[in-house]
Colleague: 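Structure provided below as C-alpha cells; questions to follow.
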Amino acid sequence: MRLKESIEREQLLVQRAVRAAEQLDLALRNEHELREQIDRLTEFNRAVERSAPWRFIQFLRGFAGRKW
C-alpha cells in the first residue's frame with residue numbers, strides 16, 4: 001500500500017515538473033517575442049524622431065509652446 005502511494009506521488013510530482021518546464025519554455029518564448037517587439041518599436045520611434053518632417057513639426061510646435 002505504501003509503495004503504491006509512493007509511486008503515485010512520484011508520478012504526480014513528475015507530471016507537475018514536466019508541466020512547470022513546459023510553462024517555463026512558453027514564458028521564455030513570450031518574453032523573447034516581447035523583447036523583439038520592444039526593440040522594433042524603439043527603432044521605429046527613433047526613426048520617426050530623426051526624420052526631417054518630425055523635426056520640422058516639432059520646430060513649428062515650439063512656437064506654440066506645445067513641443068513634445
Side-chain angles (χ1 to χ4, degrees):
M1 183 78 163
R2 284 186 177 177
L3 180 60
K4 183 179 177 182
E5 289 175 354
S6 176
I7 291 171
E8 288 174 0
R9 278 194 301 262
E10 185 177 341
Q11 288 174 344
L12 182 62
L13 289 173
V14 168
Q15 289 173 355
R16 287 182 181 174
V18 168
R19 275 192 306 239
E22 290 171 351
Q23 290 176 351
L24 177 62
D25 288 341
L26 179 62
L28 290 174
R29 272 188 262 126
N30 287 341
E31 179 190 13
H32 180 69
E33 291 171 7
L34 289 172
R35 287 184 186 274
E36 285 180 342
Q37 188 175 14
I38 288 171
D39 291 341
R40 285 193 307 270
L41 291 171
T42 301
E43 286 301 314
F44 174 77
N45 185 45
R46 286 183 186 145
V48 168
E49 288 180 346
R50 291 178 187 156
S51 70
W54 176 262
R55 291 191 314 233
F56 181 68
I57 290 169
Q58 295 310 310
F59 172 74
L60 294 177
R61 290 185 75 163
F63 291 119
R66 299 182 71 172
K67 192 173 183 179
W68 283 357

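All heavy atoms count here, side chains included; hydrogens, waters and symmetry mates do not.
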Colleague: Can you tell me how far apart CD1 (Ile38) and CD (Glu31) are? Round to the nearest 0.5 Å.
Modeller: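 The distance works out to 9.5 Å.
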Colleague: Between side-chain atoms of residues 44-53 and protein atoms elsewhere (two or more places apart, or another chain), which donor-acceptor pairs fall under 3.5 Å?
Modeller:
residue: Arg46; atom: NH1; partner: Glu43; partner atom: OE2; Å: 3.0
residue: Ser51; atom: OG; partner: Val48; partner atom: O; Å: 2.7
residue: Ser51; atom: OG; partner: Trp54; partner atom: N; Å: 3.4

Colleague: Side-chain donor-acceptor contacts of residues 2-29 below 3.5 Å, not counting sequence neighbours, with atom names and distances?
Modeller:
none

Colleague: Quick one: list whatever passes salt bridge (Lys or Arg N to Asp or Glu O under 4.0 Å) with Arg40, sequence neighbours left out.
Modeller: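 So Arg40 forms no salt bridge (Lys or Arg N to Asp or Glu O under 4.0 Å) with any residue.
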